[in-house]
Amino acid sequence: MSDRKNDASFLVQGSVLAVASIVSRIIGLLYRIPMTNIIGEYGNDYYSCAYEIYSMALLISSYSLPMAVSKMVSTRMANHQRENAYRVFRGALLIALVTGTAGCMIIFFGAEFLTRIFQTPLSFYALRVLAPTLIVVAVLGVLRGFFQGLGTMIPSAISQILEQIVNAVVSVGAAYVLFGYGARIAAVLGGDQHYAEAYGAAGGTLGTGMGALVGLLFCILVFMGYRKTLKKGIRREQRLGTGKTESYRTIMRVLIFTIVPILLSTTLYNLVSIVDQGLFKNLAIAQGNSSDDVSLWWGVYSGYYRVLVNVPISISTALATSSVPALAAAFAKKDRAQVRRKIDLSMRFIMVVAFPCTVGLIILAHPIMQLLFHTTTDLAGNLMMAGAVSILFYSISTLSNAVLQGIDRMRVPIRNAIIALAVNAVSLPVSLYVFHLNIYSMIAANIVFSFVMCILNGRSVRKYSGFTPNIGKTFVKPAIAAVLMGVVVYAVYFVLYRVIGSNAVATVAAILAGVISYAVILLLIKGLTEEELRSFPKGDTLIRIAKKFHLL
C-alpha cells in the first residue's frame, strides 16, 4: 500500500509540473500567434536567433543548477539533514549570481559578434534585451530546484504559469510598440531594411525578462513563508543530533561536481539546436540561397513548427525534472526496485501522451497551422507532418537523460550526447548537399539526433538500473490506440469540413473526437489496467468514469 501511495504521489507531483508546463506552452503558443502576425517570418528569425544564443548562455551559466539543487536537497532531506539542504540552497545562490552575471556581461557586450556568426546581425537588439534575464533566471532556477528537492512542484508550477502570463502580455505589447518604432527608423534610413521586424523581435524578448522577474518575486515570497518552518526543523535536528553538518567548502565542492556533469550532458543535449542553426544558415547561404530566403525558412521553422512541437515534448521535460529528486532519494536508500518502478511509471505515462500527440499532429498538421497561425503556406504544415515523429524520440531521450542523472550516472548522457551530436552534424550537410532538402534538412537532423539519443540512453538505463520496459504495454498498445485514433480524427475532420466548410470547427471537433476515442481504445485493448490507473493522478476518478462506461 505504501509503495502504491508513493508511486501515486510521485506521479501527481510530476503531473503538477507537467500540467503547468502544458499551460505555459499553450500560453506561449497563443501569444506567439499575435506576435508572429506583428513581426512576421523575418521577425521570427531574429527572435529565434537571439533566443537560441540566450538559451545556450543560460545552459552554460545556470541551466544545470535547478536539477543539481533538487538532487542534492532531496538526498539530504531523505537522510533528515535539513541544515545541509539549506546550505546547498545558499551555496547554489552564490553560484547562480556569479555565473548569471558573467553570462549577462558576455551576451550584452558580445551581442554584435555572436549574431553575425549566425548570419543574423539584426538579432543584435533582441539579444541585448535578453542579456539581464540570465541573472534573474539563474536565481529563479535555484529557488525552483530547492522546492522540487523538498518534494513539492507547486511553487515551480505556479511561478511558471505567472511567468508565461506576464511574458505573453509584455511580449505582444512591446513587439507592437517597438515594431512601429523600427518601421519609422527604416523609413528614415530608406532601402529594404528589416528594422521594424528587428525591433519587434526585441520587444518580444522583453517579455521573457519581465515574466522571469515576476516568477522570481513569487518564489521569493513562497520561500520567505517557508523559511520559518525550515529553521524550526533545523533547530529540532540540531537538538536530536541526526547528522553531521557539512561545511560550505564541502557543499560547494559537491555542488560543482554535481553541476558539471549535468551541465555537460544538458548542454550537449541542447547544443543541437544552436549548432543546427549555425550550420544550416551558413551552409544554405554557401549553397547559393539568398539570405532572405534562408531567414524566411528559419522563421517558419522556428515560429510555427518548433513552437507547436515543443508543447507535447514539455510533458516529458516536466516529468523528467520531477523524477530526478524522487529517483535520487530512492537511489540514496539503495532501493533499486523502487527506482525501476518509478522509471516504469514515468515511461508509461509519457508514452501514453506522446503517441496520440504524434499521430494527431501528423493527421491535422495543415488544419492546426491554419487554425492557430492563419497561415495557408504548405511549408509549415509539411514540416509538422515530416517532423512530428521526433516527439516520441525526444520524449524518451529527455526522460532517460534525467533517469541517468538521478541514479548518479551523470557522465553517461554526456558520452551519448557527444555521439548523437556528431551524427547530427554529419546528417545536416548530407541532407542539404546530397538530398537538397533545404529547410527539411533540419527536420531530418532533428529526427536523427533524437533517435540516436533515444537508443543510446535506453541501453544505458537498462545497463545501470536493470530496468527493461514492457514493450507491449509501454509502446505497442499506445501505438495501436493512437493509429486507430488517427483514423477517427481524419474521418471526423474530412466529413465536417466537407459538410460545413469551416476549418476551425472541423479541427476542434476532430481533436475532441481524438481525445475521447484514444482513451476508449486504450482501455478496451487493456493498454492500462485498473491498478495502473490508480497510480495516475486522480486515478480513482478515472476508474469510476471508465467503469461507468464499461471500459474496465
Side-chain angles (χ1 to χ4, degrees), residues 22-41 44 48 168 296-315 352-392 394-395 437-440 442-444 446-447 478-522:
I22 294 169
V23 172
S24 298
R25 292 286 184 180
I26 290 173
I27 295 171
L29 179 64
L30 292 176
Y31 88 74
R32 284 295 293 269
I33 296 168
M35 195 175 87
T36 295
N37 290 334
I38 293 168
I39 66 178
E41 280 81 7
N44 269 335
S48 170
L296 183 67
W297 292 341
W298 194 267
V300 173
Y301 168 78
S302 62
Y304 298 146
Y305 164 77
R306 206 160 60 182
V307 166
L308 190 55
V309 85
N310 279 341
V311 174
I313 292 174
S314 68
I315 300 172
V352 163
V353 175
F355 271 107
C357 288
T358 300
V359 173
L361 286 175
I362 291 172
I363 300 294
L364 295 176
H366 290 281
I368 288 175
M369 288 296 179
Q370 186 179 341
L371 173 67
L372 294 178
F373 299 106
H374 307 293
T375 177
T376 55
T377 176
D378 288 337
L379 180 58
N382 289 342
L383 288 173
M384 180 57 69
M385 290 180 71
V389 70
S390 65
I391 293 171
L392 290 171
Y394 271 115
S395 295
L437 294 179
N438 294 331
I439 190 62
Y440 292 98
M442 284 301 307
I443 301 297
N446 281 344
I447 293 172
I480 292 171
V483 170
L484 294 175
M485 176 210 75
V487 175
V488 174
V489 166
Y490 179 80
V492 170
Y493 179 83
F494 181 81
V495 171
L496 281 179
Y497 187 71
R498 281 295 183 93
V499 172
I500 62 178
S502 170
N503 177 70
V505 173
T507 303
V508 172
I511 291 171
L512 291 174
V515 171
I516 295 169
S517 62
Y518 178 73
V520 169
I521 295 166
L522 189 64

Just by modelled atom types, is the Ala513 backbone N or O under 3.5 Å from a matching donor or acceptor in the Ser517 side chain?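 Yes: the side chain of Ser517 pairs with the backbone of Ala513.
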Any donor-acceptor pair under 3.5 Å from Tyr301 side chain to Ile443 backbone: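 No, because the side chain of Tyr301 does not come within donor-acceptor range (under 3.5 Å) of the backbone of Ile443.
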Non-hydrogen atoms of [X] and [Y] that approach each other most closely:
{"X": "Val389", "Y": "Ala386", "value": "CG1-O, 4.3 Å"}
{"X": "Thr358", "Y": "Leu392", "value": "OG1-CG, 3.6 Å"}
{"X": "Ala509", "Y": "Leu496", "value": "CB-CD1, 3.3 Å"}
{"X": "Ala365", "Y": "Met385", "value": "CB-CG, 3.3 Å"}
{"X": "Leu361", "Y": "Ala388", "value": "CB-CB, 4.2 Å"}
{"X": "Ile313", "Y": "Ile391", "value": "CG1-CA, 4.2 Å"}

Non-hydrogen side-chain atoms of [X] and [Y] separated by less than 4.5 Å:
{"X": "Leu364", "Y": "Val489", "answer": "yes"}
{"X": "Leu522", "Y": "Phe355", "answer": "no"}
{"X": "Leu484", "Y": "Val488", "answer": "no"}
{"X": "Asn438", "Y": "Trp297", "answer": "yes"}
{"X": "Asn382", "Y": "His366", "answer": "yes"}
{"X": "Cys357", "Y": "Val353", "answer": "yes"}
{"X": "Leu379", "Y": "Tyr305", "answer": "no"}

What's the verdict on side chain to side chain contact (heavy atoms under 4.5 Å, CB included) for Met384 and Ile368, showing C-alpha distance, side-chain angles and the deciding distance? CA-CA 10 Å; Met384 180 57 69; Ile368 288 175; over 6 Å; no
Quick one, Leu383 with Met369, criterion side chain to side chain contact (heavy atoms under 4.5 Å, CB included). Give me CA distance, side-chain angles, the key distance, then yes/no. CA-CA 11 Å; Leu383 288 173; Met369 288 296 179; over 6 Å; no
Between atom CZ of Phe494 and atom CD1 of Ile363, what is the distance when rounded to the nearest 0.5 Å?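 With rounding to 0.5 Å, CZ (Phe494) is 13.0 Å from CD1 (Ile363).
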Please state whether the rings of Tyr497 and Tyr493 are parallel, tilted or perpendicular, taking 30° and 60° as the class boundaries.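 Rings of Tyr497 and Tyr493: parallel, as their planes differ by under 30°.
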Ile511/Thr507 under side chain to side chain contact (heavy atoms under 4.5 Å, CB included): CA gap, chis, key distance, verdict: CA-CA 6 Å; Ile511 291 171; Thr507 303; 4.0 Å; yes
